[in-house]
Amino acid sequence: MSKAPIGLFVPLITPFHADESINFDAYKTIIDYTIENGMHGILVGGSTGEYHMMSLEERKEVIKKGCEFANGRVPVMAGTGEYTAKETIELTNYAADCGAKWGLVLPPFYQQTSEEGIYEFFKEIAEGSKIGIVIYHNPGSTCVELSPEFIRRLALIDNIVAVKETIDERHTSQTYAAVRDIPDFAVMEAEEHLLMPTYSLGSKSAFSIVFNLLPKEMREMYDLAVVKNDFRAAAELNQKLVPFYDLMEAEPYPGPVKAGLDAIGLPGGIVRKPLTQPSDELRAKMREELKKLGYKVK
């Protein structure tokens, strides 16, 4: 039903006003910035977008506006995970009607189920959704780890088109090997430090918080490694960017990346409670690293 996402997908922040209401003008500014600087696609309403601190109506508005602001320039993926399959299908199909091409869905968590329960959850969602489903595998947050063999089983379900891997390199490489023969299924790396190793495996799809801040540099690294097969040049650029990878989650995210955007004059803004605002120390480190890359900082 839907082909796998290919390229770099920025998991967009959601800018807020001082009263924590959503700043949609700033949201459009960030979308334009990332698209104009090389992102292949955008993810709206994901964890970096702070969806877990939003009402359902706010989530819908973020998805709708994200699709409107993208305006067909790049494909849109929407965070559509809910606690039940029925609710997930409803939100996924809402995103489809807005123009999204894929829905990003977490496995059931907190009230944990069996592997068979997870399988049936994703199968029901895939069968009931108008657009392709991307598995969001983030055991560090959900405490639900899917084995590479089980991800392969899910990948064989019609309309499940990718997995977003937020886990260690060993698991990601084993997952890539497990699904490599499945047409139109992508393993999408989501850990900054593991982008280069994953590109070397042959993966052509990725997410990264830092894409919000450094889309141009991250696209250049992707093109060097994936398009031109110049891993030496890509590795040299990657080394310059490592300090930013470390800073992205040095404090509760997405605070650090928002601080970076503020530093270069873009609207990062505050994070919603109960997340804490980035410290002055982190902001100073971010400005220092941005200067090294040639950015003018505030």
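What you see is a predicted model, and the numbers here were worked out from it, not measured in a lab.
A distance of 4.5 Å separates CG in Leu261 from CD1 in Ile30, rounded to the nearest 0.5 Å. Interatomic distance, CG of Asp184 versus CG of Asp158, reported as 10.5 Å (0.5 Å rounding). Note that CE of Met286 is 6.5 Å distant from CG of Leu213, once rounded to the nearest 0.5 Å. Here the CD1-OG1 distance, from Ile133 to Thr88, works out to 8.5 Å after rounding to the nearest 0.5 Å. Remark: Ile209 CD1 to Ile13 CD1 distance equals 11.5 Å, nearest 0.5 Å.
Between the side chain of Glu50 and the backbone N or O of Arg272, at least one donor-acceptor pair lies under 3.5 Å. At least one donor-acceptor pair under 3.5 Å links the side chain of Glu189 to the backbone N or O of Glu191. When atom types are taken as modelled, the side chain of Ser21 and the backbone of His17 share no donor-acceptor pair closer than 3.5 angstrom. Formation of a donor-acceptor pair under 3.5 Å by the Asn212 side chain with backbone atoms of Pro11 is found in this model. For Ser203 (side chain) and Val187 (main-chain N/O), a donor-acceptor pair under 3.5 Å exists by modelled atom type. In this structure, the side chain of Asn159 engages the main chain of Ile131 through a donor-acceptor pair within 3.5 Å.
Using a 4.5 Å heavy-atom cutoff, the side chains of Gln112 and Ile118 are not in contact. In this structure, Lys258 and Ile270 have side chains that are not in contact, with every pair of non-hydrogen atoms separated by 4.5 Å or more. No side-chain heavy atom of His40 sits less than 4.5 Å from a side-chain heavy atom of Lys204. In this structure, the side chains of Phe185 and Ile160 come closer than 4.5 Å at one or more pairs of heavy atoms. Between Pro75 and Trp102 the shortest side-chain heavy-atom distance falls below 4.5 Å. Contact annotation: the side chain of Val62 never approaches that of Tyr51 to less than 4.5 Å [non-hydrogen atoms, C-beta and beyond]. Between Tyr136 and Val105, every side-chain heavy-atom pair lies at or beyond the 4.5 Å cut-off. Counting only heavy atoms from C-beta outward, the side chains of Lys164 and Leu43 approach each other to under 4.5 Å.
Shown here is Glu116, whose CD atom has more than 12 heavy atoms of other residues, nucleotides or ligands within 6.0 Å.
Under the 30°/60° scheme for interplanar angles, the aromatic rings of Phe207 and Phe9 are found to be tilted.
What you find for Thr29 and Pro267 is that their closest heavy atoms are CG2-CD, 3.8 Å. In terms of heavy atoms, Leu104 sits closest to Met77 at CB-SD, 4.1 Å. Considering every non-hydrogen atom in both Gly79 and Arg59, the closest pair reads O-NH2, 3.2 Å. The two residues Phe121 and Tyr83 come nearest to each other via the heavy atoms CE1-O, 4.0 Å. Nearest approach of Met54 to Gly49, heavy atoms of both residues: CE-O, 3.1 Å. The minimum heavy-atom distance linking Val271 with Thr276 is given by the pair CG2-O, 3.4 Å.
Under a 4.0 Å N-O distance rule, the pair Glu251/Lys285 does not qualify as a salt bridge. Salt bridge status for Glu289 with Lys292: present, with a side-chain N to carboxylate O gap under 4.0 Å. The residues Asp181 and Arg152 are annotated as salt-bridged, a charged nitrogen and a carboxylate oxygen being separated by less than 4.0 angstrom. Contact check on Glu149 versus Arg153 returns no salt bridge, with no Lys/Arg side-chain nitrogen under 4.0 Å from an Asp/Glu carboxylate oxygen.
Annotation: side-chain hydrogen bond (donor to acceptor under 3.5 Å, both in side chains) contacts involving residues 64-74, sequence neighbours excluded, comprise Asp32-Arg73.
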Exercise for the section: Run the numbers on Glu220 and Lys216 for salt bridge (Lys or Arg N to Asp or Glu O under 4.0 Å), then give the verdict. Expected result: CA-CA 6 Å; Glu220 181 182 355; Lys216 182 179 179 181; over 6 Å; no
Exercise for the section: Under the side-chain hydrogen bond (donor to acceptor under 3.5 Å, both in side chains) rule, what do Thr175 and Glu165 come out as? Steps first, then yes or no, please. Expected result: CA-CA 9 Å; Thr175 299; Glu165 281 275 82; 3.2 Å; yes
Show every donor-acceptor pair shorter than 3.5 Å between a side-chain atom in residues 230-245 and any protein atom, with sequence neighbours excluded, or say none if there are none.
from	atom 1	to	atom 2	distance (Å)
Asp230	OD1	Ala233	N	3.2
Asn238	OD1	Tyr245	OH	2.8

